[in-house]
Q: 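Have a look at this one.
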Amino acid sequence: MKKFFTIVISLAVLVIAVYGIAYLVLPMHSMELEEYTHEIGITCDDAYIVREESVYYSTTAGTVYNTVQEGERVSNGAVISNTFTGNVDASYFQKLRTLDSKISRLKKENAGRELYAVDDVSVENEISNKMNSTLSLAASNSVEQIHENREDINGLRAGNEVSASDRIAELENERRRVEASIPARKNETVSDRSGIFSSYVDGLESVLSPDRIKDYSPSYIKSLSAEKPSRANGSAVVVGDPVCRVMNNHYWYVLGISNDNYKDMCKVDVPVSVRFTGISASKVKGTVTYVSEPDENGEYIFLVEVPSYLESAFAYRKIKADIIFEEYSGYKIPIDAVHTGSEINTYYVNAMKGSETYKCDCEVLYTDMAEGYSIIRSTEDAKNKLSSMERLVIGER
């Protein structure tokens with residue numbers, strides 16, 4: 001029994017010794033270091049996409065068939081749509097749709113490069129790719145593309161070399177023959193600008209024009225209601241019906257409404273980032289080009305110009321958007337974990353790697369006194385980088 005008590009007492013002394021050493025060595029508090037991005041900006045649940053765009057209207061009654069695919073770039077003076085007068089058999093339009101689909105697919109897949117290479121290894125690789133693609137197409141029952149793949153594979157095995165441009169030219173010639181065979185008078189719609197083509201019209205094209213925004217109030221913008229986008233392609237139209245539109249793809253705009261909380265930040269010529277909810281890869285750079293005076297409710301209109309092309313944005317009119325004025329990426333830590341260095345405007349924190357504690361020189365990017373936190377990052381010449389640390393020391397014994 002005496003031996004048992006001796007063992008128990010020895011274990012207790014050992015535990016107390018271990019905890020005592022840890023009490024003296026380890027900090028009072030520590031936390032994991034995690035990267036964090038803090039944004040200052042405006043969230044607009046009902047922002048509008050504003051564009052310089054031209055809507056084209058039918059000058060005659062008939063059936064519309066667009067010569068350009070949705071989202072395709074067109075040049076000034078290009079024929080973008082035809083209106084055929086009289087009754088036209090639907091089989092003609094079906095043939096045109098099939099050819100247009102093939103042409104569009106080839107242009108996207110090849111983008112100006114050779115469809116098939118000459119060397120044996122490349123040919124075998126292309127055959128393998130086509131066979132794998134055929135299996136996927138079979139699962140989706142894409143009969144037409146399966147047939148095309150088989151023709152391509154047979155051509156490759158026979159040693160035929162076909163360039164993308166030759167295939168496209170052949171299909172376009174066939175398209176012209178089908179169109180010329182339609183027994184009806186054709187009225188062409190010609191684009192008066194270069195840009196992105198769309199067969200959908202929502203009725204706000206002329207209202208939401210960049211040069212008209214200065215005439216509007218926040219209440220008027222809130223009262224706007226976009227029509228359900230209509231599409232004339234393949235349908236009968238009368239004189240004056242909208243047929244299609246072409247949008248400027250070099251510059252476009254985001255229209256938002258906010259209150260005066262960010263009025264000091266939202267100013268003309270201020271650079272911002274714009275992020276759209278529901279669009280992948282949707283963050284773009286822009287510049288504020290217009291800010292209205294606040295109304296009686298403190299609300300104001302602002303316009304952001306975006307000079308970069310974002311394909312998915314052209315399918316939207318009203319969308320949720322974040323307008324970001326300032327952005328800070330670093331480590332979010334409690335204010336009291338930041339220490340002042342020996343020189344003016346120098347700071348450091350204590351951080352741990354394993355059981356060792358290190359002094360890490362840092363920059364304070366942003367501080368929120370009300371919430372009690374700062375966002376920091378290592379200085380460029382810091383000997384001990386925060387990225388190599390595991391935990392931040394908040395308080396010491």
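Residues take their numbers from the sequence shown, with the count starting at 1. Note that the coordinates shown come from a computational prediction; the quantities given were computed from them, not determined experimentally. Reckoned from all heavy atoms, side chains included, excluding hydrogens, waters and symmetry mates.
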Q: Measure the CD-OG1 distance between Glu72 and Thr67 for me, rounded to the nearest 0.5 Å.
A: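 Interatomic distance, Glu72 CD to Thr67 OG1, rounded to 0.5 Å: 8.5 Å.
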
Q: Is any side-chain heavy atom of Tyr56 closer than 4.5 Å to one of Asp192?
A: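 SC-SC contact between Asp192 and Tyr56 confirmed.
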
Q: Which residue pairs satisfy the ring-ring contact (aromatic ring centres under 6.0 Å, His included) criterion with at least one member in residues 169-213, sequence neighbours excluded?
A: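 ring-ring contact (aromatic ring centres under 6.0 Å, His included) check on residues 169-213 returns no pairs.
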
Q: Which atom names give the shortest non-hydrogen contact between Thr60 and Val237, and what distance separates them?
A: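 Thr60 and Val237 have their closest heavy atoms at O-CG2, 4.1 Å.
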
Q: To check you understand the geometry: which heavy-atom pair defines the closest contact between Asp336 and Ile394, and what is its length?
A: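 In this case the closest contact between Asp336 and Ile394 is OD1-CG2, 4.0 Å.
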
Q: Quick one: sort the Tyr373 and His38 rings into parallel, tilted or perpendicular, breaks at 30° and 60°.
A: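 If you compare the ring of Tyr373 with that of His38, the planes turn out perpendicular.
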
Q: How many angstroms lie between OG in Ser101 and CD in Gln69, if you round to the nearest 0.5 Å?
A: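 Between atom OG of Ser101 and atom CD of Gln69 there are 7.0 Å.
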
Q: Would you call Asp295 and Ser217 a side-chain contact if the rule is heavy atoms closer than 4.5 Å?
A: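 They are not in contact (no side-chain heavy atoms under 4.5 Å apart), so the answer is no.
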
Q: Under 4.0 Å between a Lys/Arg side-chain N and an Asp/Glu carboxylate O for Lys383 and Asp361?
A: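 No, this pair does not count.
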
Q: Do the side chains of Tyr300 and Cys266 get nearer than 4.5 Å, heavy atoms only?
A: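 They are in contact (side-chain heavy atoms under 4.5 Å apart), so the answer is yes.
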
Q: Would the number of heavy atoms belonging to other residues, nucleotides or ligands and lying under 6.0 Å from CZ of Phe93 be above 12?
A: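 Enclosed: over 12 neighbouring heavy atoms sit under 6.0 Å from CZ of Phe93.
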
Q: Does any N or O in the side chain of Tyr65 come within less than 3.5 Å of the main-chain N or O of Arg97, such that one atom is a donor and the other an acceptor?
A: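 Judged by distance alone, yes, a pair lies under 3.5 Å.
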
Q: Going by an N to O cut-off under 4.0 Å, is there a salt bridge joining Glu371 and Lys332?
A: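 Not counted as a salt bridge, because no side-chain N and carboxylate O are separated by less than 4.0 Å.
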
Q: Do Val274 and Ile257 belong to the same hydrophobic cluster, where Ile, Leu, Val, Met, Phe, Trp and Tyr are linked whenever their side-chain heavy atoms lie under 4.5 Å apart, directly or via other members?
A: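 Hydrophobic grouping puts Val274 apart from Ile257.
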
Q: Just by distance, no angles: are the side chains of Tyr36 and Glu34 close enough, under 3.5 Å, to form a donor-acceptor pair?
A: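 No - no donor-acceptor pair under 3.5 Å links their side chains.
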
Q: Indicate the atoms forming the closest heavy-atom contact of Pro210 with Tyr253, along with that distance.
A: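 It is CG-CE1, 3.4 Å.
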
Q: Looking at side-chain heavy atoms only, is the closest gap between Ser378 and Tyr331 below 4.5 Å?
A: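 Heavy-atom side-chain distance check fails, nothing below 4.5 Å.
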
Q: Over all heavy atoms of both residues, which pair between Ser81 and Val243 is shortest? Give the atoms and the distance, please.
A: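 Taking Ser81 first and Val243 second, the nearest heavy atoms are OG-CG1, 3.3 Å.
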
Q: With Glu179, which of Arg175, Arg176, Arg177 fulfils side-chain hydrogen bond (donor to acceptor under 3.5 Å, both in side chains)?
A: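 Among Arg175, Arg176, Arg177, the one that satisfies the side-chain hydrogen bond (donor to acceptor under 3.5 Å, both in side chains) with Glu179 is Arg175.
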
Q: Are a donor atom and an acceptor atom from the side chains of Ser75 and Ser194 found within less than 3.5 Å of each other?
A: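 Not at all, the side chains of Ser75 and Ser194 share no donor-acceptor pair under 3.5 Å.
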
Q: Ignoring hydrogens and angles, state whether a donor on the side chain of Ser199 or Glu70 is under 3.5 Å from an acceptor on the partner side chain.
A: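 Glu70 and Ser199 do have a side-chain donor-acceptor pair below 3.5 Å.
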
Q: For salt bridge (Lys or Arg N to Asp or Glu O under 4.0 Å), just list the numbers for Glu174 and Lys102, CA-CA rounded to whole Å, side-chain angles, deciding distance to a tenth of an Å, and then say yes or no.
A: CA-CA 12 Å; Glu174 185 178 349; Lys102 290 180 179 179; over 6 Å; no

Q: Looking only at heavy atoms, what is the nearest atom pair of Glu390 and Gly354, with distance?
A: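 Smallest interatomic distance, heavy atoms only, reads OE1-N, 3.0 Å.
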
Q: Do Val207 and Ile213 land in one hydrophobic cluster if side-chain heavy atoms of ILVMFWY residues count as linked below 4.5 Å?
A: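 Same cluster: Val207 reaches Ile213 through Ile, Leu, Val, Met, Phe, Trp or Tyr contacts under 4.5 Å.
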
Q: Taking all non-hydrogen atoms of both residues, which atom of Val254 and which atom of Ala47 are closest, and how far apart?
A: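 Closest approach of Val254 to Ala47: CG1-CB, 4.2 Å.
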
Q: Heavy atoms, side chains only, cut-off 4.5 Å: are Thr367 and Val338 in contact?
A: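 A side-chain contact under 4.5 Å is absent here.
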
Q: Taking side chain as C-beta onward, heavy atoms only, is Lys283 less than 4.5 Å from Ile324?
A: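 Yes. Closest side-chain heavy atoms under 4.5 Å.
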
